[in-house]
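Values below: all heavy atoms of this structure, side chains included; hydrogens, waters and symmetry mates excluded. Chain A is the first sequence line, chain B the second, and so forth, proteins listed ahead of strands; every chain is numbered from 1.
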Amino acid sequence: MTEELDASKTGHSDGPPLSFVAGAPLALVETGLIRAHAFAALAGLIIAASFGTVAAIKLVQPDFLSGQVWSTWGSIRANHTQGIIFGWLSNAFLSFLYFAVPRLGGRPVTSRRLGWSLFALWNFGVVLLGWVLVSVNLPNYFWAIKPLEWTEFPLAVTCVTEFCLVLMALQFIPPLARKPNNDGIYVSSWYIIGGLVFTMLAFPVGSLVPLLVPGAIGAAFSGLWIHDAVGLYVTPLVLAIAYFVFPVRTGQPIYSHFLSMIGFWLLFFSYPLNGTHHYVYSAIPMDTQRAAIAASIITGFDVILVVLNLMMSLRGQASLVRRDLPLRFVWTGVVMYLVVSLQGSLQALMPVQRYVHFTDWVIGHSHLAMLGFATFVTLGGVAHLCQRTAGCRYHHGYLNLAYWLILGGLTIMFVDLTIAGLIQGQLWIDGAPWMESVRASQPYWLVRAASAVPILLGFVAFILGTTIRDENRRVDTNRHVPLLAAPTAQASHG
Amino acid sequence: MAEIAAHQSRPAPQHWFGLAYLLIFVAGVGFFLLSFIALGVLPGLRLAETIASHRQTDMPDYTAAEHRGRLLYTSMGCALCHTQQVRFLPADVRRWGAPIAAWETRYDFPQLWGTRRIGPDLAREAVVRSDDWQLTHLYNPRRIVPDSVMPAFAWLFDGSPDRPKAGATDLLAYLRTLGRARQAGAGQTVGVRVDTAMDPAIMMEITNLCTAPFVNANQARVADSAPALGPAASTRDQLVARGSMLFAQNCAGCHGVHGDGNGSAATGLLPKAKNLGQYRFSTPGLARILWNGVAGAAMPAWRDFPTVDLASLAAYVQTLHITAADSAPSTAPLLARGAVVYAENCLSCHGAQGQGNGPVGITLLPRPVDFTAMQPDTARITKVLSEGIAGTNMAAWPKLTPPDNQAVTAFVRTLFEAPAGQRP
C-alpha cells in the first residue's frame with residue numbers, strides 16, 4: 001500500500017535541488033488513498049458532467065427526463081455544479097495532496113486512518129449524500145437545496161463538508177508546516193496551506209450567514225463565497241498542482257522566486273475582495289461594488305504575473321510540452337487561466353456588467369474557469385500521479401485523445417455561450433419581449449448541448465487511459481527527469 | 001547556477017515566526033477577515049441601517065403558506081433561472097419597476113437575487129399574471145408559452161392544472177408576495193435610494209423612470225388607451241404572415257393553433273380563452289385588448305410588443321373569423337324589440353352603447369364584453385344566453401322567450417362599429 005522510503009535522496013546540504021523534483025518521496029506515501037481519491041474523482045467527473053449534459057439538453061428539449069422532482073432542471077443543475085467542485089475537483093485535489101504533500105514536506109500525512117475516514121466521509125457524507133438529498137428534494141430548511149451559488153447542497157451536507165475541510169487541514173498542513181523541513185516551504189505548499197485555511201473559514205460563512213441575516217445583507221456574504229469557492233479554494237490548489245508538475249516534469253526550476261511570492265500574496269490579498277462583483281448595480285452600497293471591481297482588476301494583473309512566472313519556467317521546453325501529456329494538460333490549463341482571468345477582470349467593469357450580467361456569457365466564463373483552467377490542470381496532475389504511483393495505470397494514447405476531445409468541446413462551448421450571452425444582453429437592453437431572448441438562444445443552446453459529446457467522450461478516454469494497460473509495478477520516477485542534479489525550483493524557508 | 005542557487009533557501013535557524021505561520025495567519029486567516037469585514041460586515045451594517053430606516057413601511061412577513069411556498073421555490077431551483085433583483089439600470093427598471101431596495105428583502109432568509117436570468121425577473125411578479133395563468137404555467141409552461149424552456153411541475157398537481165395540490169397553492173401564495181409591499185405603496189415616501197457613488201446620469205434616468213407608477217408590460221389592466229394600429233408600411237398580406245407567426249409563438253397556447261379557443265392551456269383557464277373564429281373584431285378593439293389585456297382573466301397585456309407586431313396580430317386575428325354563415329334576419333321591428341330587451345336585461349352591465357361599461361359592469365372583473373369592439377356570431381350569442389360564460393359574471397339567461405332571444409341577439413350585433421369600408 002505504501003512506497004518505501006528512499007533516504008538517499010533526502011540530502012540538501014549544498015544548495016541542492018528540491019528533493020520532490022527528483023521524484024522519489026522522502027516520506028511514506030499513502031498510495032491507497034491516492035488511488036481511491038483518483039478513482040472517486042474520475043467517477044465524480046463523469047457523473048457531474050453527465051448532470052451538466054442533462055441540464056444542457058433540457059434547455060433544448062425541456063420535456064427530456066421531466067415529470068419528477070429528481071430530474072427537474074433545478075435539481076440537475078445543483079447536482080452538476082456541486083458534483084464538479086466536491087465530487088470531481090475536491091477528490092482530485094485530495095489525491096494530489098496525498099501524492100505531493102509527503103514529497104513537499106518530507107513527512108507523511110498526519111494519519112492514514114484519518115485519511116480513510118476522510119475519504120469515506122467526503123464521498124458518502126458529502127458527495128453522495130448531497131446528490132441523494134438534492135434528488136429527493138425535501139422542502140425542509142435542513143434538507144433542501146440552498147439557493148446559494150457553489151453551496152447548493154443542503155445544510156445537512158454543509159455541516160459534513162465543513163467538518164471534512166477541518167480534517168483536510170489537519171491531515172495536510174502539519175506535514176508541510178512543521179519544522180525542520182529540509183526543503184523549506186515550496187510555492188505549492190504556500191498555496192495548499194493558504195487555500196485550506198482560507199476555505200475552512202470562508203465556506204461556513206458563505207453557507208450559513210446568508211441563512212441568518214436578511215436578504216441584501218446575506219447577498220453581500222453570498223458574493224464572497226461565490227468568488228472564494230473558485231478563487232481561494234480551487235485556484236490555490238490548482239496552482240499548487242501547476243507549480244508542482246512544471247519543475248518535476250521539466251527538471252527546470254521555477255523562473256522567479258520573487259514572482260512566485262508576489263503572485264501568491266497578491267492573490268490571497270485581492271481575490272477575496274472580488275466577491276461583490278457578482279452583484280454589480282445591486283442594492284449593496286456602490287462603494288463596496290467599486291472596491292470589488294478595483295480588486296478584480298488587480299487580480300487580473302496578479303494573474304499575468306503568476307502565468308508569466310509559470311510560462312517562463314518552461315523556457316526551451318516546447319517540444320517536451322508537446323510530447324509530455326501531463327505537462328501539456330497543465331500548460332493548457334495555465335494558458336486558460338490567463339484568458340479566463342483577464343476576461344474576468346474585463347467583465348467586472350461596470351459598462352460590461354450592464355451588458356453581459358445574467359447572460360450565458362457568464363456561463364461561458366465559468367466553464368472556461370472550471371473546465372478550462374481547473375479541470376485541465378487537475379487532469380494533468382492526476383495523469384502525473386497515475387504515471388508515478390504504484391498500482392495506477394497510464395496510457396499515453398488515450399490521454400492524448402482525451403486532451404483533444406475535451407479541448408475541442410470546451411472551445412465550441414465557450415465561443416457558443418459567449419456569443420449567446422452577447423445576443424441575450426442586446427435583446428434585453430433593446431426591451432424586446434422576454435421570449436425573444438429565449439428563442440434567439442435556442443440554436444446556441446443546441447450547439448452547447450452538442451459540445452457535451454466531445455467533452456464527455458474526452459472524459460471517458462481519460463478514464464480509459466488511467467484504467468486500462470498494466471498497473472505500474474515499480475515506479476520509474478526518473479523517466480522524465482534526465483538530470484537529477486539539474487537546477488530546480490526554489491523555495492523559501494519557513 | 002549561482003543565481004538559481006541564490007533563490008534557494010538554506011535550512012535556516014528557527015525563526016520565531018516562520019513562513020508557515022505567516023501563511024496560515026496572514027494569507028489564510030488575515031486576508032479572510034479583511035474580505036469578511038470589508039465586503040461583508042461593513043456593507044452589511046449600512047444595509048441594516050437602510051432596512052431599519054424603512055421600519056415604518058408596512059410590510060407583512062410571510063404567512064405559513066407563503067413560507068412553505070418559498071421553501072419549495074428554493075428547493076426546486078427556481079432561483080437558478082429567475083432573478084429577484086431589479087438592478088439599478090434603466091433597462092431593468094423599464095421592465096420590472098423600481099430597483100430592489102434592501103428593505104424589500106427584509107424577510108428573505110436567504111436572499112434569492114440570483115446570478116442568471118433564463119426566465120424573466122420575478123421580483124415584482126405578484127400582480128402580473130392571473131392565478132389560472134400561473135397554475136397552468138406551473139403545470140406545464142409550454143401549454144401557455146409554446147417556446148418556454150421552463151420545466152413542468154406537474155407533480156404539484158392532481159392530474160390537471162385546475163386541481164393544484166398543496167404545494168402548487170403554496171407556491172402560488174409565495175408568487176403573490178413578490179413585490180407586494182412595493183405595490184401596496186410601501187417605499188413611495190422614501191423614493192429610490194440615492195447612492196452617491198452611483199453614476200449620476202444613470203441615477204437621474206432611474207429616478208425619472210420611477211416618478212410614474214409602474215405597471216408591468218404584461219400585466220392586464222382596465223384602460224381604454226391603445227396605440228393606433230393604423231395603416232403601416234407593410235401590406236396587409238405581410239401583416240397577416242407575420243401575425244400568423246406571432247400568433248403561433250404567443251397566442252396558440254391558449255387560443256389554439258387555429259384560434260378556436262382549444263389551445264393546450266384550455267383546461268386550466270377560467271374563463272376559457274376565446275374562440276376567435278366566432279367574433280368579428282374591429283382593429284381599434286383588438287388594439288385595446290392586446291395593449292391592455294383582459295383584467296380578471298388569463299389574457300395578459302402585450303405592451304412590450306412593437307406596434308407593427310400588434311398590427312400584425314390584429315390583422316391575423318381578423319382573418320380567423322369564419323364569415324360564411326351568419327344570415328340571421330335583422331328587420332327593423334326585430335331590432336326595436338331587441339333594443340327594449342337589451343335595455344331591460346343587458347344594459348346595466350354592458351352599457352347603453354354596448355361598450356361593457358354599464359353602471360354594474362364597471363364594478364366587474366373581467367369587464368363585460370365590449371360589443372362595439374367585437375361582434376359575436378349569432379350562434380355564439382345564442383349559446384352564451386343559454387349557458388352563460390363560466391368564470392365570468394355572464395350568467396345563463398333562461399328567462400328570455402325565444403323571440404326576445406332572437407331579437408336581442410340581432411340587436412347586439414348592430415352595436416359593432418365595423419371598420420370604415422367594411423360596413424354593410
Side-chain angles (χ1 to χ4, degrees), chain A residues 15 59 62 66 72-74 77-78 137 139 144-145 147-149 177 182 184-185 190 193-194 197-198 201-202 210-211 214-221 224 253 257 268-269 272-273 275-276 278 281-288 354 358 428-429 433-435 438-439 487 490-494, chain B residues 1 4-5 7-9 11-12 14 18-20 23-24 27-29 31-32 35 38-40 43-44 46-48 51 71-72 74-77 79-80 83 85 87-89 91 94 100-102 105-106 108-113 115-117 120 147 149 151-152 154-155 195 197-198 304-305:
Chain A
L59 284 181
S66 86
T72 194
W73 198 87
R77 199 269 196 183
N137 205 295
I145 298 181
L148 303 173
E149 222 173 312
N182 286 337
I185 299 186
W190 310 347
I193 294 172
V197 173
F198 197 104
L201 300 171
L211 303 177
I217 307 175
F221 288 94
L224 287 180
H257 181 58
F268 271 79
F269 171 73
L273 298 174
T276 315
H278 294 265
Y281 289 115
S282 72
I284 295 176
M286 204 49 78
D287 293 335
T288 313
R354 235 175 279 166
F358 294 140
W428 296 348
I429 288 175
W434 188 264
M435 285 307 294
V438 174
R439 275 188 285 269
Q490 333 72 21
S492 105
H493 200 53
Chain B
M1 275 311 261
I4 289 160
H7 288 307
Q8 310 248 340
S9 58
Q14 305 277 308
L19 176 60
L23 293 169
I24 294 171
V29 180
F31 286 157
F32 163 73
S35 68
L39 296 190
R46 275 169 69 181
L47 288 168
I51 293 177
L71 209 48
L72 211 55
T74 60
S75 76
M76 292 189 309
L80 298 172
T83 54
Q85 184 196 353
R87 293 175 299 162
F88 283 78
L89 283 179
R94 278 197 199 95
I100 283 286
T105 65
R106 186 189 299 167
D108 290 354
F109 303 92
Q111 48 89 13
L112 294 175
W113 279 2
T115 51
R116 173 78 176 95
R117 246 180 215 162
D147 293 326
V149 293
W155 64 88
D195 190 323
M198 183 85 193
D304 46 353
F305 274 44

Option that, when pairs with chain B are counted at under 4.5 Å, heavy atom only, ranks first among Trp428(A), Phe268(A), Tyr281(A): Tyr281(A)
Contact origin within Leu273(A) toward chain B - heavy atom pairs under 4.5 Å: both
Side-chain donor/acceptor of Asp108(B) to backbone N/O of Ala216(A), under 3.5 Å: no
CA sep, side-chain torsions, deciding dist, call: Ile217(A), Gln111(B), side chain to side chain contact (heavy atoms under 4.5 Å, CB included): CA-CA 8 Å; Ile217(A) 307 175; Gln111(B) 48 89 13; over 6 Å; no
Arg116(B) side chain vs Phe358(A) backbone, donor-acceptor pair below 3.5 Å: yes
Neighbour count >12 (heavy atoms, 6.0 Å) for atom CZ, Phe269(A): no
Heavy-atom pairs under 4.5 Å with chain B, option from Pro210(A), Ala220(A), Gly218(A) with the top count: Pro210(A)
Which portion of Thr74(B) sits near chain A, non-hydrogen atoms under 4.5 angstrom: both
Residue, of Asp287(A), Thr276(A), Leu201(A), Thr72(A), that accumulates the most heavy atom pairs under 4.5 Å with chain B: Leu201(A)
Part of Arg439(A) lying under 4.5 Å from any heavy atom of chain B: side chain
Contacting region of Ile100(B) [heavy-atom separation from chain A under 4.5 Å]: backbone
Step-by-step side chain to side chain contact (heavy atoms under 4.5 Å, CB included) determination, Val438(A) to Asp147(B): CA-CA 8 Å; Val438(A) 174; Asp147(B) 293 326; 5.5 Å; no
Engaged part of Leu211(A) at the chain B interface, taking heavy atoms whose separation is under 4.5 Å: both
Between Ser75(B), Gly44(B), Ala38(B), the one whose heavy-atom pairs under 4.5 Å with chain A are most numerous: Ser75(B)
Residue pair Ala283(A) / Trp113(B): nearest heavy atoms and the distance that separates them: N-CH2, 3.9 Å
Least distance between heavy atoms, Pro43(B) atom then Leu39(B) atom: CG-O, 3.1 Å
CA sep, side-chain torsions, deciding dist, call: Thr105(B), Leu47(B), side chain to side chain contact (heavy atoms under 4.5 Å, CB included): CA-CA 11 Å; Thr105(B) 65; Leu47(B) 288 168; over 6 Å; no
Max heavy-atom pair count under 4.5 Å with chain B, selected residue of Ala144(A), Gly275(A), Pro272(A), Ser66(A): Pro272(A)
Which of Ala91(B), Gly40(B), Ala48(B), Gly77(B) touches chain A most, by non-hydrogen pairs under 4.5 Å: Gly40(B)
Under 4.5 Å from a heavy atom of chain A, the part of Leu89(B) involved: side chain
Interatomic spacing from CD1 in Ile284(A) to NE2 in His278(A) - rounded to 0.5 Å: 11.0 Å
Trace of the side chain to side chain contact (heavy atoms under 4.5 Å, CB included) decision for Asp304(B) with Trp434(A): CA-CA 9 Å; Asp304(B) 46 353; Trp434(A) 188 264; 5.8 Å; no
Partner chain A: residue of Leu23(B), Leu71(B), Leu112(B) with the largest heavy-atom pair count (under 4.5 Å): Leu23(B)
Portion of Leu59(A) that has a non-hydrogen atom of chain B nearer than 4.5 angstrom: both
Ala154(B) portion near chain A, given a 4.5 angstrom heavy-atom threshold: neither
Phe221(A) portion near chain B, given a 4.5 angstrom heavy-atom threshold: side chain
Side chain / backbone / both / neither for Arg46(B) at chain A, heavy atoms under 4.5 Å: side chain
Distance in Å, Asn137(A) CG paired with Trp155(B) CH2, rounded so as to fall on 0.5 Å steps: 8.0 Å
